[in-house]
Amino acid sequence: MILMATARDENVPTSSIVMKAIDSKTFTELQAFVKDLESRPTERLLRDLPDLVKLSDAKAEIIAYVIATKFRHAGSDERQTIRSSVQATSDRLPHGQERSRVQDILERIRGLAG
């Protein structure tokens with residue numbers, strides 16, 4: 001499901017996973033969100049990363065955990081792709097909380113690679 005931003009609200013997320021994250025308030029909803037993250041193709045998850053790290057600290061931690069888990073189970077080529085994509089996302093973001101969260105993900109996956 002793709003949502004288009006209107007002139008009234010330019011910050012409307014464009015991804016269903018981002019919308020699901022925003023709407024997840026209860027424990028059961030968070031469980032469903034995590035399962036959706038885990039089953040989402042890595043490429044799509046990485047594409048949505050800039051919007052996902054705008055969420056709460058707790059949800060950003062869940063996202064970091066899922067990416068680290070995908071990294072841990074990936075082959076060497078996919079690990080390089082994940083690392084490069086997360087680095088590119090970090091480089092694109094302005095300094096601030098979102099960039100810091102992406103850099104935390106980078107540190108987490110670097111620790112797994114070593």
Side-chain angles (χ1 to χ4, degrees):
M1 177 166 128
I2 297 178
L3 301 176
M4 301 301 292
T6 64
R8 189 175 89 262
D9 186 358
E10 293 296 324
N11 295 321
V12 174
T14 58
S15 170
S16 61
I17 192 71
V18 175
M19 293 302 295
K20 188 171 222 174
I22 291 168
D23 292 342
S24 297
K25 306 272 190 267
T26 68
F27 182 75
T28 301
E29 291 168 341
L30 282 171
Q31 282 181 312
F33 168 62
V34 171
K35 286 182 182 187
D36 198 11
L37 277 176
E38 291 172 335
S39 67
R40 184 161 289 253
T42 303
E43 177 185 307
R44 287 180 58 201
L45 182 59
L46 294 171
R47 184 181 62 221
D48 293 332
L49 186 58
D51 290 326
L52 290 167
V53 294
K54 292 178 182 177
L55 303 170
S56 70
D57 285 338
K59 290 176 184 172
E61 279 296 316
I62 291 168
I63 292 151
Y65 168 79
V66 170
I67 291 173
T69 300
K70 286 180 175 282
F71 182 85
R72 185 178 319 114
H73 296 294
S76 61
D77 288 345
E78 188 177 3
R79 280 181 170 215
Q80 182 57 42
T81 299
I82 293 169
R83 189 180 303 114
S84 296
S85 179
V86 174
Q87 181 66 58
T89 298
S90 175
D91 293 345
R92 281 192 313 271
L93 292 172
H95 290 280
Q97 185 176 35
E98 289 89 13
R99 185 175 187 173
S100 177
R101 288 174 174 172
V102 173
Q103 289 173 337
D104 288 346
I105 294 170
L106 268 176
E107 290 302 314
R108 189 178 223 161
I109 62 177
R110 283 182 183 141
L112 294 172

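Bear in mind the structure is a predicted one, so any value in this text is a computation, not a measurement.
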Rounded distance (nearest 0.5 Å) linking atom NE2 of His95 with atom CD of Gln103: 7.5 Å
Rounded to the nearest 0.5 Å, how far apart are CD of Glu107 and CD1 of Ile105? 11.5 Å
Considering only heavy atoms from C-beta outward, does the side chain of Gln97 approach that of Asp57 to under 4.5 Å? yes
Given 3.5 Å as the limit, does a donor-acceptor pair link the side chain of Arg99 with the main chain of Pro94, or not? no
Whether the side chain of Glu29 engages the backbone of Thr26 through a donor-acceptor N/O pair (distance < 3.5 Å, no angle test) should be reported. yes
Using modelled atom types and a 3.5 Å cut-off, is there a donor and acceptor pairing between side-chain atoms of Ser90 and backbone atoms of Val86? no
Heavy atoms of other groups near Glu38 CD, more than 12 under 6.0 Å: yes
Taking the side chain as C-beta and beyond, is there a heavy-atom pair between Ser16 and Lys20 under 4.5 Å? no
What distance separates Ile67 CD1 from Leu45 CG, expressed to the nearest 0.5 Å? 4.5 Å
Crowding at NE2, His73 (>12 non-hydrogen neighbours, <6.0 Å): yes
Nearest atoms (heavy-atom pairs only) where Ile82 meets Leu46: CA-CD1, 4.0 Å
Heavy-atom closest pair, residues Ala68 and Ile109: CA-CG2, 4.0 Å
Can you name the closest pair of heavy atoms from Arg72 and Leu112 and give their distance? NE-CD2, 3.8 Å
Measuring from Leu37:CG to Ile17:CD1, what's the distance to the nearest 0.5 Å? 4.5 Å
Assess the side chains of Thr89 and Arg92: does a donor N or O sit below 3.5 Å from an acceptor N or O? yes
Under 4.5 Å between any side-chain heavy atoms of Thr42 and Thr81, yes or no? no
Taking side chain as C-beta onward, heavy atoms only, is Arg47 less than 4.5 Å from Pro41? no
Surrounding NZ of Lys35 (heavy atoms of other residues, nucleotides or ligands, distance under 6.0 Å), is the total greater than 12? no
How about CG on Asp91, more than 12 heavy atoms from neighbouring residues, nucleotides or ligands closer than 6.0 Å, or not? yes
For Glu61, give me all partners under side chain to side chain donor-acceptor pair (under 3.5 Å), at least two apart in sequence or on another chain. none
Heavy-atom side-chain proximity of Lys59 to Leu52 below 4.5 angstrom: no
Run the salt-bridge test on Arg101 and Asp104 with the 4.0 Å N-O cut-off and return the result as yes or no. no
Rounded to the nearest 0.5 Å, the OG atom of Ser85 sits from the CD atom of Gln80 at a distance of 11.0 Å
Show the numbers, then the answer: is there a side-chain contact (heavy atoms from CB on, under 4.5 Å) between Arg40 and Asp48? CA-CA 11 Å; Arg40 184 161 289 253; Asp48 293 332; 3.7 Å; yes
What are the two closest non-hydrogen atoms of Phe71 and Arg83, and how far apart are they? CZ-NH2, 3.2 Å
